[in-house]
Amino acid sequence: VSERMANQRDLTWRATHDANTGMLNVETLIRNVDAMPLASAGYAVAYVQLRGLDLVAPTLGRRAGEAILRAAAERFAGVGGEYGYAAYLPSESFVVVALDASRCDDMLASLTAAIATQVQTEDGFHPLEAWIGWAHGASAGEGVDQVIGNAALAALQARRDGVAMMRFDA
């Protein structure tokens with residue numbers, strides 16, 4: 001019976017988390033935030049798109065790429081734990097939610113600090129580079145998935161404009 005329960009827990013974890021990073025998957029993050037009775041102040045979503053992670057494995061090796069991804073995931077999971085939730089969206093993106101929109105600036109500062117610190121691997125130190133897009137949620141009829149999409153659009157625009165961070169404006 002205990003083995004079956006352990007298998008069930010393992011299956012449940014695999015259905016809600018990314019196996020490479022241990023972070024929530026985005027679908028689970030969306031369900032968790034949608035299920036919360038959020039205050040009228042709403043929430044804020046940051047979409048963090050790492051830059052050049054796909055080039056690490058071919059140039060420095062698969063282990064270096066995995067180490068950098070795990071270090072980034074650990075940092076962003078810490079920020080998510082402090083402000084609300086964090087999830088991994090393969091292969092180079094993360095979603096972090098501040099459940100209290102008034103803490104958005106603090107969350108963004110924490111993300112910026114997490115990105116600014118280089119990652120140490122067996123091969124040395126490697127910088128993290130990312131674009132951050134962010135958006136506020138809890139508008140009438142707007143689900144968390146739409147807010148994540150808005151933040152992703154802002155990250156894409158930040159990338160196009162050559163800036164590190166951008167807010168989504170409708």
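Quick caveat, the model's predicted, so the values are computed rather than measured.
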Closest non-hydrogen atom pair between [X] and [Y], with its separation:
X	Y	result
A46	L111	CB-CD1, 3.5 Å
M107	A44	CE-O, 4.1 Å
G133	A154	CA-CB, 3.7 Å
A67	V119	O-CG1, 4.4 Å
D18	P90	OD1-CG, 4.1 Å
A15	N25	O-ND2, 3.0 Å

| Are L29 and I148 close enough that some pair of their side-chain heavy atoms sits under 4.5 Å apart? | yes
| query | Is the shortest heavy-atom distance from the side chain of V48 to the side chain of I115 under 4.5 Å? | reply |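 Heavy-atom side-chain distance check passes, below 4.5 Å.
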| request: Scan for salt bridge (charged side-chain N to carboxylate O under 4.0 Å, His left out) pairs involving residues 105-122, sequence neighbours excluded, and state none if there are none. | output: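 Residue pairs passing salt bridge (charged side-chain N to carboxylate O under 4.0 Å, His left out), neighbours aside: R63-E122.
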Drop me the distance from [X]'s [atom1] to [Y]'s [atom2], to the nearest 0.5 angstrom.
X	Y	atom1	atom2	answer
L50	F76	CG	CZ	5.0 Å
L11	T16	CG	OG1	10.5 Å
L24	L89	CG	CG	12.5 Å
L108	Y83	CG	OH	9.0 Å

Among all residues two or more places apart in sequence or in another chain, which pass the side chain to side chain donor-acceptor pair (under 3.5 Å) test with [X]?
X	value
Y88	none
Q120	none
Q8	none
E66	R62

| said: Looking at Q118, I'd like to know if its CD atom is crowded, meaning that more than 12 non-hydrogen atoms belonging to other residues, nucleotides or ligands lie closer than 6.0 Å. | reply: yes
| request: Please check if atom CZ in R51 has more than 12 non-hydrogen atoms from other residues, nucleotides or ligands closer than 6.0 Å. | output: no
| query | When the ring planes of H136 and W134 are compared, do they come out parallel, tilted or perpendicular, using 30° and 60° as the limits? | reply |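 Perpendicular.
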What side-chain donor-acceptor pairs closer than 3.5 Å can you find for residues 159-170, not counting sequence neighbours?
| unit_1 | atom_1 | unit_2 | atom_2 | d |
| --- | --- | --- | --- | --- |
| D161 | OD1 | Q157 | NE2 | 2.9 |
| D161 | OD2 | Q157 | NE2 | 3.4 |

Which residues share a ring-ring contact (aromatic ring centres under 6.0 Å, His included) with [X], sequence neighbours left out:
X	result
Y47	none
Y85	none
W131	none

| message | Restricting to salt bridge (charged side-chain N to carboxylate O under 4.0 Å, His left out), what partner residues turn up for R70, sequence neighbours left out? | response |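 Scan of R70 (salt bridge (charged side-chain N to carboxylate O under 4.0 Å, His left out), adjacent residues dropped) gives none.
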| field | Under the salt bridge (charged side-chain N to carboxylate O under 4.0 Å, His left out) test, residues paired with E27 that sit two or more places apart | value |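 None.
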| ILVMFWY cluster, W13 and I30 together (side-chain gap under 4.5 Å) | no
| Would Q146 and N150 count as a side-chain contact (heavy atoms from CB on, under 4.5 Å) if you check the C-alpha gap in whole Å, the side-chain angles of each, and the deciding distance to 0.1 Å? | CA-CA 6 Å; Q146 179 62 48; N150 292 345; 2.8 Å; yes
| Intermediate values then yes/no, side-chain hydrogen bond (donor to acceptor under 3.5 Å, both in side chains), T28 and R31 | CA-CA 5 Å; T28 302; R31 279 195 307 273; 3.2 Å; yes
| By side chain to side chain contact (heavy atoms under 4.5 Å, CB included), which residues pair with A77, not counting sequence neighbours? |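 A77 satisfies side chain to side chain contact (heavy atoms under 4.5 Å, CB included) with M23 only.
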